[in-house]
Amino acid sequence: MNNPILRRGLAWLATLFAVHAACFLLVRGVRGGPFDQERSLPPEVEASLRQQFHLDESLWRQYGRSLGQVLRGDFGPSMRYRDVEVGQILADSLPVSLALGGLALGVALAFGISGGLWAAFRRGFGFSLAFRFMTSLFLAVPNFVVAGVGILIFSFILGWLPPAGYGSLRHWILPSFALGLPFAAQIGRLSRNAALEVLESPDFRTARAKGLPPGPLLFRHVLPQVLIPVSAFLGPASAGLLTGSLVIEQVFALPGMGAHFVQAALNRDYTLSLAVTLIYTALLGACTFAADLLAKWLDPRVEAI
Amino acid sequence: MLPDMDGFGGNGPGWKAYLPALAWFAVVFIGIPACSPPPAELVVANGPDVQILDPQKATSAPDGRVLHALFCGLTQLNPESLKPEPALAEAFGQERGGRGWWFQLRPNLRWSDGRPLTGEDVVASWRRLLHPKTGAAYRNWLFPLEGLDPNNLAQQLEQRQDLPGVHLDGLRLEVRFSIPVPAFAEMCAYHALMPVPPSLRQDSPSTQGSWPSSGPYQLQRRVIRDRIRLSANPYYWRAPKPEAKSLDFLTVESQFTALNLFLAGEVHLVATDVPALAVPALLEREEVLRRQAREHGRQPRTAEFDPVPYWACYFYRINVTRTPLQDRKVRQALNLAVDRKALAAMVGARRPPAYSLVPPLIPDYQPPELPRRNPEKARQLLAEAGFPKGENFPPIELLYNSAEIHRDVAESLQAQWQEVLGIEVRLYNQEWKVVLDAQNRLQYDLSRSSWIGDYLDPSTFLEVFRSDSPHNRCGWEDPEYDRLLDQAQLCEQRQPRLALLQQAEQRLLQYGPILPLFYYTTLELVSSDLRGYVRNPRGYVDWAALSLAKSEEP
């Protein structure tokens with residue numbers, strides 16, 4: 001048990017197990033069932049469906065069955081999309097969410113770090129004020145407002161980008177900026193502070209005094225120091241990106257997993273909501289773990305894993 | 001405090017610090033799938049996600065739209081008159097006052113994979129529809145078949161290969177019912193009775209579009225929550241074939257997103273409602289566009305937004321098993337206190353106030369009407385029920401599903417009842433499934449509801465409140481009402497039948513458990529480039545007739 005990675009992995013598995021049990025119970029505890037609709041199904045039809053999905057069994061047997069399904073990695077058919085397997089739905093939607101999260105993280109890192117460095121190097125009053133204003137704005141405004149304003153400007157006033165949908169790279173630009181900019185603001189502040197510290201450090205002054213050109217100065221001395229706090233922020237950021245994508249996917253009608261996360265529970269789609277919740281839990285654990293490993297790798301002084 | 005640089009080999013982590021970032025960008029930009037299908041020729045925003053692509057299992061409107069583009073019935077509706085017309089059957093007719101129907105199938109019909117579509121497919125499909133294992137909501141449509149015992153269907157179907165009451169002779173299909181089914185030709189145009197291909201009829205049908213279809217389009221690809229891509233069916237019987245070679249049904253949950261897509265020209269048809277907030281602006285925009293066209297002497301353009309009456313009613317259910325609502329006088333008082341005109345004006349979008357359950361859209365059926373608003377009479381009735389000026393009236397709960405329009409309606413009624421009757425109504429909003437559950441268990445006082453008719457006949461609304469109907473959900477049981485419906489069911493002549501239904505509706509409104517509030521209108525958005533789209537009360541679309549105008553004029 002001394003291996004930190006093993007310890008972390010076991011804790012992660014225990015979390016998944018607990019989340020599975022909680023999710024299994026909670027979604028069944030809410031009133032209303034998967035087959036309720038305005039046009040009620042005839043009773044004998046509903047009975048046959050309940051049998052088909054094993055909802056007529058005792059809760060314990062259902063739990064055992066569900067656990068077995070999860071262990072096999074086969075979640076069975078969805079209860080809302082009765083002719084589609086949950087695995088198929090995940091295979092269709094997970095890559096979309098990952099791509100959106102990845103792009104948004106890209107936007108956050110690119111704009112955050114370059115903006116932060118720029119603000120650290122140009123310490124004039126005007127620049128500083130502009131930087132603070134922009135970062136406060138994007139931190140304060142929720143992402144769906146950023147999305148709405150983005151759609152208004154870039155789709156309707158300028159007509160450059162489609163307001164929603166999925167298909168080409170153009171469709172990804174607005175959603176990834178809407179999701180990424182609040183994190184860019186956070187990263188911008190972190191990197192500005194870190195860069196300011198470096199600029200005042202003796203080794204930076206020495207390097208500058210011995211005539212190192214700006215390029216190596218930036219890439220060797222400043223950036224590595226900036227990346228340390230930024231990488232520590234990646235864990236919370238990935239959690240934020242995952243949850244933020246629920247809203248952004250809805251606004252831009254992207255077929256990602258976020259909408260399933262909300263809708264499956266509303267639809268009482270027991271199998272799908274369980275699977276999506278578990279995937280989110282696993283992703284969250286994996287992302288924070290990866291971020292911690294990265295932080296440790298960049299700065300061996302970091303102990304907590 | 002200066003950063004401690006020990007452990008960095010003097011220069012920090014150096015180049016390796018950039019590796020993760022590089023890897024990240026590589027993964028994202030190479031990993032973003034180049035799987036970008038080019039947009040379809042015709043794009044429809046279809047609202048919430050399609051649940052089941054199976055004509056016999058589907059029940060929701062978005063599913064129905066896609067299924068009508070994919071499959072074809074023995075008949076189809078004329079989008080203007082909504083009367084049944086020949087489709088897979090080249091001729092059809094009724095005998096014995098609607099107790100018998102015959103259909104003459106077209107010769108050489110084919111599924112979209114080229115295999116022949118025959119009368120056997122129709123019989124086998126109906127057998128599947130009836131089998132309890134299929135889980136079809138509309139199976140009771142075939143229960144009146146002559147010689148069929150609805151209580152023992154599984155056994156009956158497994159014992160024989162054919163279907164009682166259905167006789168197939170080559171291309172001629174004869175159907176016999178034990179009661180008149182005057183709407184059967186119209187029902188055959190609905191997806192539930194459309195023949196389904198053999199691969200869907202198997203015990204564990206192949207999913208995800210490996211089956212052929214019979215309508216103007218065939219399924220190419222379905223991505224849950226994204227889109228359903230259809231391509232033209234080369235074997236479609238009708239000529240000319242649809243002009244658009246591909247058709248996309250997009251899943252767009254948010255009404256605002258659908259509106260944005262339409263305004264940006266990304267979709268040609270928004271099949272679901274537009275956001276209530278946008279309705280006044282859209283009506284105004286329509287007026288401006290129309291005026292401009294007139295001033296420039298151009299042809300009148302297809303209206304983009306033009307709400308027309310829809311075959312659906314918005315009403316409140318009253319739980320008649322609870323005191324004091326079990327008292328008919330209380331229910332009448334609640335009705336007489338409602339100002340429906342003001343309510344209809346508030347919900348807008350040309351929705352007319354409803355004084356009956358059946359929308360007045362059938363020329364020879366005049367629905368009976370509830371008495372109009374009369375605060376005096378309302379107070380008097382409430383006093384007669386033992387609550388003068390609302391004294392001692394226990395607070396009642398009004399349950400509705402979370403949506404802006406439902407909240408507005410509920411708040412308005414709450415205020416009206418408080419003002420006129422002096423009674424307290426508490427509002428509860430819950431998500432949809434919880435509302436349904438409460439209705440099913442009769443755990444509510446008042447609850448919001450709506451009903452969309454399946455075919456153009458009053459019975460599609462009135463059957464809902466039969467004593468044993470699973471849709472009743474009000475605890476209302478009235479043998480006289482059931483008797484009137486039974487009698488109407490046995491009636492072979494149209495006029496006497498409609499008269500009986502009218503009596504039944506009169507009884508429902510007078511004694512019954514509902515407060516009709518307004519009728520819906522269709523709120524679809526249609527691009528002015530789209531040709532062949534007809535607005536009608538059923539929201540029925542003839543997908544084969546749609547085409548896009550070539551964009552010559554700006």
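Below, read A as the first sequence line, B as the second, and so on, with proteins coming before strands; counting in each chain starts at 1. Remember, it's a predicted structure, so these values are computed and weren't measured experimentally.
- With a 4.5 Å cut-off on non-hydrogen atoms, B:V50 touches chain A through its backbone but not through its side chain.
- In this structure, the separation between CG on B:D226 and CG on A:L254 is 8.5 Å, given to the nearest 0.5 Å.
- The parts of B:S450 that come within reach of chain A are both its backbone and its side chain, each placing non-hydrogen atoms under 4.5 angstrom from that chain.
- Counting only N and O atoms by type, the side chains of A:R31 and B:Q443 include a donor and acceptor under 3.5 Å apart.
- To the nearest 0.5 Å, the span separating CD on A:E44 from CG on B:L153 amounts to 8.5 Å.
- Of all the heavy atoms in A:V45 and B:G135, the pair that sits closest is CG1-CA, 3.2 Å.
- At a 4.5 Å heavy-atom cutoff, the contact between B:Q51 and chain A is made by backbone and side-chain atoms alike.
- The part of A:H171 that comes within reach of chain B is its side chain, from C-beta onward, which places non-hydrogen atoms under 4.5 angstrom from that chain.
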key: CA sep, side-chain torsions, deciding dist, call: A:Y81, B:I224, side chain to side chain contact (heavy atoms under 4.5 Å, CB included)   = CA-CA 9 Å; A:Y81 313 100; B:I224 300 284; 3.8 Å; yes
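- Within the 4.5 angstrom heavy-atom criterion, no atom of B:L250 approaches chain A.
- Rounded to the nearest 0.5 angstrom, B:D54 CG and A:D83 CG are separated by 7.0 Å.
- The ring-ring contact (aromatic ring centres under 6.0 Å, His included) search around B:Y400 returns none, not counting sequence neighbours.
- Contact annotation for B:F256: neither backbone nor side-chain heavy atoms come within less than 4.5 Å of a heavy atom of chain A.
- For chain B, the option among A:A164, A:P162, A:S78, A:A253 with the highest count of heavy-atom pairs below 4.5 Å is A:A164.
- With rounding to the nearest 0.5 angstrom, the CZ atom of A:F156 is 4.0 Å from the CG atom of B:N260.
- Atom CZ of A:F252 and atom CG of B:L261 lie 10.5 Å apart (nearest 0.5 Å).
- Neither the backbone nor the side chain of B:N140 comes within contact range of chain A; no heavy atom of the residue lies under 4.5 Å from a heavy atom of that chain.
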key: Residue pair B:E431, A:R268: steps toward the side chain to side chain contact (heavy atoms under 4.5 Å, CB included) verdict   = CA-CA 11 Å; B:E431 44 134 334; A:R268 307 290 186 272; 2.9 Å; yes
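- Residue A:L266 touches chain B through both its backbone and its side chain, counting heavy-atom pairs closer than 4.5 Å.
- Considering only residues two or more places apart in sequence or on other chains, A:F53 meets the ring-ring contact (aromatic ring centres under 6.0 Å, His included) condition with A:F35.
- Both the backbone and the side chain of B:L263 come within contact range of chain A, judged by heavy atoms closer than 4.5 Å.
- Both the backbone and the side chain of A:Q37 come within less than 4.5 Å of a heavy atom in chain B.
- Between the CG atom in A:L49 and the OG1 atom in B:T134 there is a gap of 10.0 Å [rounded to 0.5 Å].
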Chi angles and distances behind the side chain to side chain contact (heavy atoms under 4.5 Å, CB included) call for A:Y166, B:R225 = CA-CA 11 Å; A:Y166 170 67; B:R225 248 176 214 297; over 6 Å; no
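- There is no contact between B:A45 and chain A, counting heavy-atom distances below 4.5 Å.
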query = Is there a side chain to side chain contact (heavy atoms under 4.5 Å, CB included) between B:R139 and A:L41 once you walk through the steps?
reply = CA-CA 10 Å; B:R139 60 201 284 266; A:L41 292 171; over 6 Å; no
